[in-house]
Number of protein chains: 2
Amino acid sequence: MTNGDPAERILDAADELFSARGIAGVSVRDVAERAGVKKASVFYHYKSKDELFERVLERYYTAHARVLESVDSGGDVSERLHRFIDAYLDFIEDHHRYVRLVQMEITSGSAHLPQIARGVGLLHERVQAILSGLVPDSGPLAARQFFVSFAGIVNNYYLYAPALSAMWGGADPLAAGPRRERREHVHWIVDALLSRLGGK
Amino acid sequence: MTNGDPAERILDAADELFSARGIAGVSVRDVAERAGVKKASVFYHYKSKDELFERVLERYYTAHARVLESVDSGGDVSERLHRFIDAYLDFIEDHHRYVRLVQMEITSGSAHLPQIARGVGLLHERVQAILSGLVPDSGPLAARQFFVSFAGIVNNYYLYAPALSAMWGGADPLAAGPRRERREHVHWIVDALLSRLGGK
DNA sequence: GTCTATATCTCGATAGAC
DNA sequence: GTCTATCGAGATATAGAC
């Protein structure tokens with residue numbers, strides 16, 4: 001971690017550490033060490049630990065929004081939903097740490113919750129738009145219920161990975177093979193749900 | 001928080017604070033204040049912050065195991081699965097904080113992961129036992145995949161609650177009405193999956 | 001068992017030399 | 001822009017009176 005623009009290196013280091021141990025579990029000194037600079041340099045580039053964290057979040061938010069925009073929105077409900085979920089899976093496979101970061105901040109009652117809720121809200125709107133013709137506006141089959149379920153099914157695999165690895169005899173759930181298997185499982189579930197909803 | 005055995009009060013205070021802000025986000029002073037004792041008394045009853053946390057986890061683990069044992073295991077796959085999920089939902093409605101605590105520690109790469117994996121393992125074994133006759137031993141439809149999915153569907157609602165509240169116009173997702181609705185949704189999904197698996 | 005007082009450390013953040 | 005040095009606050013943990 002000694003190549004490239006120092007400000008960028010610090011951001012990368014903060015990203016890795018925050019998403020591994022949470023904001024409260026990481027000191028600015030830790031970040032500096034990993035970035036290969038001294039602590040005071042971190043404060044030169046980012047005026048506080050808090051701002052540093054916000055910049056980490058912001059970078060993810062931008063990447064996330066860009067991916068969502070690029071998803072083709074043609075076809076029937078099933079095609080759109082599968083494509084949307086594939087795009088999201090692609091995104092988190094490229095950005096493992098994003099899911100952990102967001103989950104950790106939501107779970108720990110972060111002060112940055114409004115900023116985080118923007119990202120969650122983007123996904124929710126998409127799911128709502130895709131399912132709008134197929135499900136009621138309220139009640140147990142409303143789009144928002146399915147949104148939470150899809151998010152749980154997809155995210156939980158990545159969040160539980162450290163615990164699953166121990167349970168599955170040490171195999172890495174994040175290796176290419178298991179990840180592909182998980183993706184198939186998710187699509188199978190989506191088909192099962194759409195089928196019962198009468199969408200296809 | 002000034003009634004009962006002091007050691008118990010300290011444990012309760014630690015439970016509430018750790019599960020709300022994470023272990024690193026809480027100081028022993030915070031715990032002492034909430035328990036209505038002085039900081040040194042916390043160290044008298046528990047020799048370190050770390051031991052205090054382990055005792056909090058242990059108490060949940062015991063309660064969790066007791067609930068799992070009490071679930072009736074008769075009937076067909078569908079009955080058993082619905083009953084199992086209801087029992088788990090009952091448990092986390094009574095122990096909201098447990099889910100947050102476990103998730104936070106898994107996500108943040110806790111040093112206590114082995115202890116936590118025990119609780120996850122208990123659930124996994126149950127799901128595996130219930131589904132064993134209905135799904136293959138490996139691949140995208142293996143029981144372990146469904147275990148992760150069920151866990152995600154159920155847990156995620158409680159974990160995302162703070163962010164959902166903001167998105168749903170301020171309504172509390174943990175109030176009795178929304179919780180009942182969520183439970184219906186979960187059972188609907190279980191039926192959809194069993195139906196496609198050919199279980200009923 | 002609970003307290004006050006304190007030792008020791010590490011934190012976030014700043015000052016100022018280079 | 002990056003460093004050394006340091007500040008003041010707050011952290012974990014302990015000593016010892018009561």
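To find a chain, count down the sequence lines: A is the first, B the second, and so on, and within it residues start at 1. Scope of the values below: all heavy atoms of this structure, side chains included, with no hydrogens, waters or symmetry mates.
- If you check distances only, the side chain of B/Lys39 does reach the base of D/dT12 with a donor-acceptor pair under 3.5 Å.
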Margin query: Determine whether A/His185 and B/Phe146 satisfy the following criterion, ring-ring contact (aromatic ring centres under 6.0 Å, His included), listing intermediate values before the conclusion.
Written below: CA-CA 8 Å; A/His185 173 81; B/Phe146 284 104; 4.8 Å; yes
Next item on the list: In sequence, state the C-alpha distance, the side-chain angles, and the governing distance for A/Tyr98 and A/Phe91, and then conclude on ring-ring contact (aromatic ring centres under 6.0 Å, His included).
Entry: CA-CA 9 Å; A/Tyr98 179 59; A/Phe91 178 71; 5.5 Å; yes
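- Listed by residue number, there are no residues of residues 18-32 of chain A with a heavy-atom contact under 4.0 Å to DNA chain D.
- Side-chain proximity of B/Ala40 to the nucleotides C/dT2, D/dA15, D/dC3 is greatest for D/dA15.
- Each of C/dT14, D/dC3, D/dA15 was ranked by its minimum atom distance to the side chain of A/Phe43; first place goes to C/dT14.
- Rounded to whole Å, atom P of D/dT4 lies 5 Å from atom NZ of A/Lys38.
- Contact check, B/Lys49 against D/dT12: a side-chain N or O comes under 4.0 Å of OP1 or OP2.
- Not one side-chain nitrogen or oxygen of B/Ser41 sits closer than 4.0 Å to the OP1 or OP2 atom of C/dG1.
- Each of A/Arg9, A/Arg97, A/Arg21, A/Arg100 was evaluated against A/Asp15; a single residue qualifies, A/Arg97, per the salt bridge (charged side-chain N to carboxylate O under 4.0 Å, His left out) test.
- Distance CD (B/Glu51) to C1' (D/dT12): 14 Å, rounded to an integer number of Å.
- For the pair A/Arg118 and A/Tyr61, the cation-pi criterion (under 6.0 Å, within 45° of the ring axis) is fulfilled.
- You'll find that the side chain of B/Ser48 is closest to D/dA13, out of C/dG1, D/dA13, D/dT4.
- Linking Ile, Leu, Val, Met, Phe, Trp and Tyr whenever their side-chain heavy atoms come within less than 4.5 Å puts A/Ile92 and B/Leu159 in one cluster.
- Checking the phosphate oxygens (OP1, OP2) of D/dG1, a side-chain nitrogen or oxygen of A/Tyr44 falls inside 4.0 Å.
- We find that NE2 of B/His45 is positioned 18 Å from C1' of D/dT12, with the value rounded to whole Å.
- Residues passing the side-chain hydrogen bond (donor to acceptor under 3.5 Å, both in side chains) test with A/Tyr160, sequence neighbours excluded: B/Asn155.
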